There are 2 protein chains.
Amino acid sequence: MCHQNEITFKMEFKEAKNKFVQTWGALGSQWGINKTMAQIHALLMVSNEAVSMEDIMEELQISRGNASMNIRALMDWGIVYKEYKAGERREFFTAEKDLDELAVKISKERSKREIKPALKVLKEVSSISANTTSEEKHFVDQTKKLYDFVLKADNVLDKITEYKDNWLAQILMKFMK
Amino acid sequence: MCHQNEITFKMEFKEAKNKFVQTWGALGSQWGINKTMAQIHALLMVSNEAVSMEDIMEELQISRGNASMNIRALMDWGIVYKEYKAGERREFFTAEKDLDELAVKISKERSKREIKPALKVLKEVSSISANTTSEEKHFVDQTKKLYDFVLKADNVLDKITEYKDNWLAQILMKFMK
DNA sequence: TTAAACTTTCAAAAAAAAATGAAAGTTTAT
DNA sequence: ATAAACTTTCATTTTTTTTTGAAAGTTTAA
């Protein structure tokens, strides 16, 4: 009886974990992050302790190469770390578990890799020489606005982080609701 | 001479426009929006007046079917509109050009399509029955935190919109910098 | 009602992205 | 120095996503 319960429970946990990993993977691919990368991250996020590459391969049913490359990518993003265990030769991996820290790191990386280059192009195209026709005026106007907008949006997360730790700001904002 | 200048100028404009459309398309695909969809949107954003499907096909060098399906998708997102011109049989298209409005619409759609379902799963998996091992405790704890975090993040844009129109809040925030 | 002028749909093709796995590379203990 | 125990790389294969284009559908004007 007791044993039966334990099995039932274990099943439920495994199912829940699997569901979470799958969902996170699907969400990732909708946001331009590859499925496996998101799944590995999900797995590490909810893992108590560091996980070996072997175990990641086993749990996600993926090849060694795939695991290796995606772990590497996650480390490049700065949201997964290598860990060494005493007396163990192989490497273990953990994820950044503090969600604020995670959000900051992801947004910084995306900013660096995608937003900043886009801003450069926006600045470039919005500064084409003298514009006579209304078509051209509209183009310059719109791309300038876009530049300002993206620039502001790019800074939003920093502002939120600042605000988050500022109790006075929080109280004032509550007042004004 | 004057003619030569005009040609040079036209070239520069076309190049700039093309560069913008290509960049926007690339950015889109990094964010889980298909390239053509993002390119059509870019094209309409910087277009003075409504554009016909024929012209979209021509400018982006894409097939009729591709154009039709992606325009439809953009209209489903609520960021592109059909327009009719007097005496013209065919349909023309325009993009939402107000960037705040655009951001609100995109974030509302993404919230509805992706975040809300993800939240549902997070709530589900974080409420698995009694948890004994530390592994299971950690799972429940972490997914709960994630639920709260995603819920908060999901509301951020509304908050920013509110804040944007609140002059008092803005002044106060500047004080506290 | 008809036919011309359009748009949409969707099965098939093409392109792009991701995954595999075996060989090459690395590290560590002896 | 060597071999065992690992990890990484990358050419090839597989999977997924996107695009095509022709047929079907729709609308409009006469």
Side-chain angles (χ1 to χ4, degrees), chain A residues 21-44 50-77 80-94 110 113-114, chain B residues 21-44 50-77 80-94 110 113-114:
Chain A
V21 168
Q22 295 304 321
T23 304
W24 212 238
L27 204 62
S29 54
Q30 278 169 317
W31 284 83
I33 288 144
N34 98 45
K35 196 185 70 182
T36 304
M37 195 169 147
Q39 285 182 342
I40 294 175
H41 184 248
L43 186 64
L44 296 179
V51 183
S52 71
M53 196 147 105
E54 209 72 34
D55 286 348
I56 291 172
M57 287 163 58
E58 168 66 25
E59 282 220 53
L60 302 180
Q61 291 292 310
I62 56 172
S63 72
R64 192 170 290 286
N66 196 6
S68 175
M69 290 184 94
N70 281 297
I71 291 171
R72 152 66 69 105
L74 285 163
M75 292 195 300
D76 288 348
W77 276 74
V80 159
Y81 316 113
K82 248 184 205 169
E83 245 178 44
Y84 298 98
K85 286 194 186 175
E88 280 271 20
R89 180 128 166 211
R90 68 214 158 120
E91 301 164 338
F92 292 82
F93 304 93
T94 346
R110 288 221 129 170
R113 294 176 195 216
E114 296 148 21
Chain B
V21 169
Q22 296 304 321
T23 305
W24 212 239
L27 205 62
S29 54
Q30 278 169 317
W31 284 84
I33 288 146
N34 98 42
K35 196 184 69 181
T36 304
M37 194 169 149
Q39 285 182 341
I40 294 176
H41 184 247
L43 186 64
L44 296 179
V51 183
S52 71
M53 194 145 103
E54 209 71 35
D55 287 348
I56 292 172
M57 288 162 58
E58 168 65 26
E59 283 221 53
L60 302 180
Q61 291 291 311
I62 56 171
S63 71
R64 192 170 291 287
N66 196 6
S68 175
M69 292 184 92
N70 281 297
I71 290 169
R72 151 67 68 105
L74 285 163
M75 291 194 302
D76 288 348
W77 276 74
V80 159
Y81 317 112
K82 247 184 206 169
E83 246 177 45
Y84 299 97
K85 287 193 185 176
E88 280 271 22
R89 180 127 166 213
R90 68 216 155 117
E91 300 164 339
F92 293 81
F93 305 92
T94 346
R110 288 220 127 170
R113 295 175 194 216
E114 296 148 21

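In what follows, chains are A, B, ... by sequence order, proteins preceding strands, each numbered from 1. Values below: all heavy atoms of this structure, side chains included; hydrogens, waters and symmetry mates excluded. These numbers were taken from a predicted model, which means no experiment stands behind them.
In this structure the side chain of Arg64(A) reaches within 4.5 angstrom of the side chain of Met53(A), judged on heavy atoms.
Between the C1' atom of dT20(C) and the CD1 atom of Ile56(A) lies a distance of 17 Å, rounded to the nearest Å. One can place CD1 of Ile71(A) at 15 Å from C1' of dT20(C), the figure rounded to the nearest angstrom. Atom P of nucleotide dA19(C) and atom CG of Asn70(A) are separated by 6 Å, given to the nearest angstrom. Here the C1' atom of nucleotide dA22(C) and the CZ atom of Arg64(A) are 12 Å apart, to the nearest Å. Between the P atom of dA17(C) and the CD1 atom of Ile33(B) lies a distance of 15 Å, rounded to the nearest Å. Atoms CG (Asn66(B)) and P (dA13(C)) sit 18 Å apart, rounded to a whole Å. For Ile62(B) and dA14(C), the CD1 to C1' distance is 16 Å, given to the nearest whole Å.
Mapping heavy-atom proximity under 4.0 Å, the span of DNA chain D touched by chain A runs 5' to 3' from dA4(D) to dC10(D).
The distance from atom CG of Asp55(B) to atom CG of Leu43(B), rounded to the nearest 0.5 Å, is 9.0 Å.
Within a 6.0 Å radius of CD in Glu58(A), other residues, nucleotides and ligands contribute 12 heavy atoms or fewer.
Distance from the side chain of Arg89(A) is smallest for dT28(C) among the nucleotides dT28(C), dT9(C), dA19(C).
Nearer the 5' end of DNA chain D, as judged by each residue's closest nucleotide, is the contact made by Phe93(A), out of Gly32(B) and Phe93(A).
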Extract all donor-acceptor atom pairs below 3.5 Å that involve side chains of residues 34-41 of chain B and protein atoms in other chains or at least two apart in sequence.
residue: Asn34(B); atom: OD1; partner: Thr36(B); partner atom: N; Å: 2.9
residue: Asn34(B); atom: OD1; partner: Met37(B); partner atom: N; Å: 3.1
residue: Asn34(B); atom: ND2; partner: Asn70(B); partner atom: OD1; Å: 3.1
residue: Gln39(B); atom: NE2; partner: Gln22(B); partner atom: OE1; Å: 3.3

